[in-house]
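First up is the structure itself, then whatever we jot down about it.
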Protein chains: 2
Amino acid sequence: MARAGVTVERLAEAAAELADEVGLENVTVSELARRFGVRDASLYSHIRNAHELRVRVAVLALAELADRVAAALAGRAGKDALVAFANAYRDYAKEHPGRYTATQVELDPETAEASAARRHSDMTRAILRGYSLAEPDQTDAVRLLGSTFHGFVSLEQAGGFRHHPRGADESWSRVLDTVDVALRNWPAHASDADAGRAP
Amino acid sequence: MARAGVTVERLAEAAAELADEVGLENVTVSELARRFGVRDASLYSHIRNAHELRVRVAVLALAELADRVAAALAGRAGKDALVAFANAYRDYAKEHPGRYTATQVELDPETAEASAARRHSDMTRAILRGYSLAEPDQTDAVRLLGSTFHGFVSLEQAGGFRHHPRGADESWSRVLDTVDVALRNWPAHASDADAGRAP
DNA sequence: CCCTGCTTCCTAGGACTCCTAGCAATATAC
DNA sequence: GTATATTGCTAGGAGTCCTAGGAAGCAGGG
């Protein structure tokens, strides 16, 4: 009988596929074994436990997403870069909901270090070069971008915007406009936050 | 033998408690039965399935959170209200991580209608009265607030800000400043987004 | 007081998932 | 072609979800 030829890479890829189909929480060792035509016990030669499966999806997704963002960012700057960056995230989440969810699983320090997580924050910082923010404002801005984009995508995915006539796309582009303005009018201190306000 | 006295209310409360302790995904019918000193099969007289358990936690959390937000908002306006609103969310998420997670589970239309979801969007809109935004800008702004606050809280909860010297609290208050400025400089159209920009 | 009926809780058991232990088969390296 | 490491197997235990059907506690009216 020929072997199924299971490897961690093929396993992670299949798990990612499955996550997109049925959601990350329904990625199961048994189902994966079924898809490879193998008994579930056999998979434990390749992975330690079910959790590792999800971690591997996370690492894979983080890398894929970083590649996409990098491609989207190439040759762009300023608001153009901001929009491309944001759309890369949102489009990826739409195409690969399970993988995107995996993006949020907590990784232990070593795994995180070996992952594309650093590339993500580096690229976010690269965008902010167009807005000339010094530390620690830059870090705060990185967090603002991450929060806003992730929050929007996450709420949209959870169906939060479905029961209202206003389309999510319109809101999205308006949010991007607003973030762009906010980054340019970055408040120096809380007390003079309205310094740049129009009369 | 005396009865355990299980009711859906006590069940939902216990499930919420458990969710805060071990995470929503680990809220299990068996564990709950164990805590009530009852066989797991007995709980199915009160709930239909495990999913309903999570839905009930969601509804409970939504209501609790709405109460808190309402209390925080009382007597405040403008940026004051914005900050109180945002802190109510973040504090609740810190105190009740499992319940907060439940807040994001998708509810079927009837359940959603009967839940406090409407109160949430109403209160968000109430805050925006301080910034005089007409529709559809108001809806977009509601979504911006929801996205930014939920995104921040969600990333913070997932440990995204832990591996960096800059404290999450500082970034949070800076994010609030920025959102306040953004709401006041709301871009009329994408093309003249920088109308209110300082020289 | 006891009977009737409703609710709560039980036992029994099936299906599925996760995971371990130990063994067999197969590919690879020499 | 044989040795070795890898890959997959059977067997089985523990935990969870859920159904079916029956018993025990609790209410009300006679």
Side-chain angles (χ1 to χ4, degrees), chain A residues 1-60 97-99 101-102 105-108 111, chain B residues 1-60 97-99 101-102 105-108 111:
Chain A
M1 203 192 315
R3 290 196 182 182
V6 178
T7 65
V8 272
E9 288 78 19
R10 300 220 300 140
L11 215 39
E13 185 60 46
E17 210 80 22
L18 182 57
D20 287 336
E21 293 170 23
V22 302
L24 186 67
E25 72 282 3
N26 295 67
V27 169
T28 171
V29 176
S30 327
E31 175 58 26
L32 237 26
R34 224 167 281 132
R35 296 195 170 195
F36 276 96
V38 147
R39 307 263 107 168
D40 56 353
S42 304
L43 295 190
Y44 290 90
S45 319
H46 303 280
I47 53 161
R48 235 170 26 142
N49 52 35
H51 180 246
E52 185 180 332
L53 225 45
R54 271 146 230 171
V55 169
R56 288 198 180 273
V57 175
V59 170
L60 183 149
R99 285 157 150 104
T101 305
V105 317
E106 230 184 311
L107 303 177
D108 56 295
T111 313
Chain B
M1 203 192 312
R3 293 197 181 183
V6 178
T7 65
V8 273
E9 289 77 22
R10 300 221 300 140
L11 214 41
E13 186 59 46
E17 210 81 21
L18 183 57
D20 286 337
E21 293 171 23
V22 301
L24 186 68
E25 72 282 4
N26 294 57
V27 170
T28 170
V29 176
S30 327
E31 175 58 27
L32 238 25
R34 224 167 282 135
R35 296 195 170 195
F36 277 96
V38 147
R39 307 264 107 172
D40 56 352
S42 303
L43 295 190
Y44 290 90
S45 317
H46 304 279
I47 52 162
R48 243 184 3 159
N49 51 36
H51 180 245
E52 185 179 333
L53 225 45
R54 271 146 231 171
V55 168
R56 288 198 180 273
V57 175
V59 170
L60 182 148
R99 284 156 149 105
T101 305
V105 316
E106 230 183 312
L107 303 176
D108 56 295
T111 312

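The sequence lines fix the lettering, A, B, ..., with proteins before strands; numbering per chain opens at 1. As a basis for the values below, the full set of heavy atoms in this structure was taken, side chains included, without hydrogen atoms, waters or symmetry mates.
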For atom OH of A:Y44 and atom P of D:dA11, their distance in whole Å: 19 Å

Distance, rounded to the nearest Å, where B:R39 contributes CZ and D:dG15 contributes P: 13 Å

Check against side-chain contact (heavy atoms from CB on, under 4.5 Å), B:V57 and B:L60: CA-CA 5 Å; B:V57 175; B:L60 182 148; 5.6 Å; no

Touch class at under 4.0 angstrom, heavy-atom based, for B:S45 against every strand present: base

Atom pair distance, as rounded to whole Å: CD in A:E52 and P in C:dT17: 20 Å

Pair B:V105-B:L24, side-chain contact (heavy atoms from CB on, under 4.5 Å): steps then yes or no: CA-CA 10 Å; B:V105 316; B:L24 186 68; 3.9 Å; yes

NZ/NE/NH1/NH2 to OD/OE distance under 4.0 Å, A:E13 and A:R10: no

Interatomic distance, A:L18 CG vs C:dT17 C1' [rounded to whole Å]: 14 Å

Between D:dA14 (C1') and A:D40 (CG): distance, integer Å: 14 Å

Any B:R34 side-chain N or O less than 4.0 Å from OP1/OP2 of D:dT16: yes

Below 4.0 Å: OP1/OP2 of D:dG8 and any side-chain N or O of A:S42: no

A:R48 or A:E31, whichever maps to the more 5' nucleotide of DNA chain C: A:E31

side-chain contact (heavy atoms from CB on, under 4.5 Å) between B:T28 and B:L32, intermediate numbers included: CA-CA 6 Å; B:T28 170; B:L32 238 25; over 6 Å; no

Between P of D:dT16 and CG of A:N26, the distance in whole Å: 18 Å

A:T28 side chain near C:dC16 phosphate (N/O to OP1/OP2, under 4.0 Å): no

Electrostatic pair A:E21:A:R35 at N-O distance under 4.0 angstrom: yes

Sugar-phosphate only, base, or nothing, as touched by B:N49 at under 4.0 Å among non-hydrogen atoms: sugar-phosphate

Nucleotide nearest B:A41 (side chain, heavy atoms from C-beta), chosen from C:dC9, C:dA12, C:dC18: C:dA12

Nucleotide C:dC18, atom P - distance to CD1 of A:I47 in whole Å: 9 Å

Phosphate-side-chain proximity, A:H46 and D:dT6, N/O vs OP1/OP2 below 4.0 Å: no

Atom-to-atom span, CG of B:L32 to C1' of C:dC9 - whole angstrom: 16 Å

Nearest-neighbour nucleotide for the B:A50 side chain, D:dC18, D:dC9, C:dT17 considered: D:dC18

